[in-house]
Student: 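Sharing a structure, written as C-alpha cells. Questions coming.
In this chain, numbering begins with 1 at the start of the sequence shown. All values below come from the heavy atoms of this structure, side chains included, with hydrogens, waters and symmetry mates left out.
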Amino acid sequence: MIVALTATLLLSVVIGLSLGLLGGGGSILTVPILTYVAGLDPKEAIAASLFVVGATSAVSAVDHARNGRVKWRTGLVFGAAGMAGAFAGGLLGGRIPGTVLMIAFAAMMVATSLAMIRGRKNTAAATGSGELPVVKVILEGLVVGLVTGLVGAGGGFLVVPALALLGGLAMPVAVGTSLVVITLKSFAGLGGYLTTVHLDWALVGAVTAAAILGSVIGSRLAGRIPEAALRKGFGLFVLAMGVFVLVQELPGTAGLAVGIAAAVLALAGATCRYAAPRCPLRLVPAPAGPAHTR
C-alpha cells in the first residue's frame, strides 16, 4: 500500500508537468495512474482526475497568463460552453460501464494524437494569436465538453488541437488558453460524476498537491521549447498512452493485436523517417514567421 501510494504521488508530479508544459495530458496520465497504480475503480479514477486536473490547471494558468499566453475571451467562452457539455457528459458517464469508458477514452487519444502529429496543411494559419469567433468557439466548446466530460478528461488533449489546429492559435497561446478551459470543464464534469460516485478526498488532495508542484515547473519551461517540437512531442505522447490503455482494456487477443500493430507501425515510421530520403515524415513545412502572444 505504501509503495503504491508513493508511486502514485511521484507520478502525480508528472501529471502537473504535462499540464504546465503542454496544456493537456493531465487526465491522460491521471486516469491510468489512479486505475492501475492506486487501484481505484475506473469511474472513481475518472471523477478524481477531474478534480486533480481542474485544480492543477487553475494554478498553471496563472503563470501562463503572466507571460501573455492566455486569450481570456476565447478561453472563458469556450470554457463556459464546455461546462454545459461536460456536466451532461459526467451525468451520462456515471451510468456507463468503466471498461467502455476507458476504451472510448483511448480511442479519442489516438485520433487526436494523429491530428497533432500531422498538423495543419496551411501552416500560415496556425500561428495566429487573436481571439476566435464566438459562435465557432461555443460550438467547439459544447462538443469537446460533452466528449471529455463523458470520459472524465479535463480535455487538454482535445482543447489544444481545437485551438491550435481548428482555431489557428499559436501553440504556446493554445496551451495557456486551454488551461482556463480545462479548469472550468473539469469542475463541471466533476459535478456530474459526484451524483453517482464517492471519492477518497485524502488521496485526491495528496495527488493534487503533487500535481500542482509539477505544473509550476512545467509552466516555466513552456515558453522555451520550439512550437513544432512541442506539438509533435505532445502528439507522440498522447499516441503512446492511448495505445497502452487500449492494450490494457481490450479483451483477450484484441489487446495483444493492438500492441503488435502499434509496434509494427512505430518501427515502419522510424524506418521511413530516418532511412527513406523521400519519406513524408521528413517533409517539414516552411516556417510561417514569428507568432505574437499579446
Student: From I2 CD1 over to T6 OG1, what is the distance, rounded to the nearest 0.5 angstrom?
Tutor: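 Answer rounded to 0.5 Å: 7.0 Å.
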Student: Could you point out which residue of V52, V53, I46 forms a side chain to side chain contact (heavy atoms under 4.5 Å, CB included) with V31?
Tutor: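 That would be I46.
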Student: Considering all heavy atoms of both residues, which atom of M83 and which atom of A188 are nearest to each other, and what is their separation?
Tutor: O-CB, 3.4 Å
Student: Is any side-chain heavy atom of T35 closer than 4.5 Å to one of L40?
Tutor: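 The answer is no, as the side chains (C-beta and beyond) never meet within the 4.5 Å cut-off.
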Student: Test of understanding: clusters of I, L, V, M, F, W, Y form through side-chain heavy atoms closer than 4.5 Å, transitively. Do L139 and V77 belong to the same one?
Tutor: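 No.
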Student: So, taking the atom named CG in D41 and the one named CG in L34, what distance separates them when rounded to the nearest 0.5 Å?
Tutor: 11.5 Å
Student: To the nearest 0.5 Å, tell me how far E44 CD sits from T196 OG1.
Tutor: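 Between atom CD of E44 and atom OG1 of T196 there are 10.5 Å.
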Student: Just verifying a value: how many Å separate L92 CG and Y193 OH, rounded to the nearest 0.5 Å?
Tutor: 9.0 Å
Student: From L184 CG over to F78 CZ, what is the distance, rounded to the nearest 0.5 angstrom?
Tutor: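 Here the interatomic distance stands at 11.0 Å.
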Student: Measure across L199 and A48 and return the closest heavy-atom pair with its distance rounded to 0.1 Å.
Tutor: CD2-N, 3.9 Å
Student: Indicate the atoms forming the closest heavy-atom contact of S215 with I212, along with that distance.
Tutor: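 Answer, listing the atom of S215 first, then I212: OG-O, 2.8 Å.
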Student: Between the side chain of S57 and the main-chain N/O of G54, is any donor-acceptor distance below 3.5 Å?
Tutor: no
Student: Show the nearest heavy-atom pair for residues G75 and V181, with the distance to one decimal.
Tutor: O-CG2, 3.5 Å
Student: Check for a donor-acceptor pair, side chain of N67 on one end and backbone N or O of R69 on the other, with a separation under 3.5 Å.
Tutor: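 No: the side chain of N67 does not pair with the backbone of R69.
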Student: Are V14 and F51 joined in one hydrophobic group, where the rule is that I, L, V, M, F, W and Y side chains link up if heavy atoms are under 4.5 Å apart?
Tutor: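 Yes, V14 and F51 fall within the same hydrophobic cluster.
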Student: Check for me, please, whether L179 and L213 land in the same ILVMFWY cluster - side-chain distances under 4.5 Å, paths through other members count.
Tutor: no
Student: Nearest 0.5 Å, please: how far is CD1 in I182 from OG in S60?
Tutor: 9.0 Å
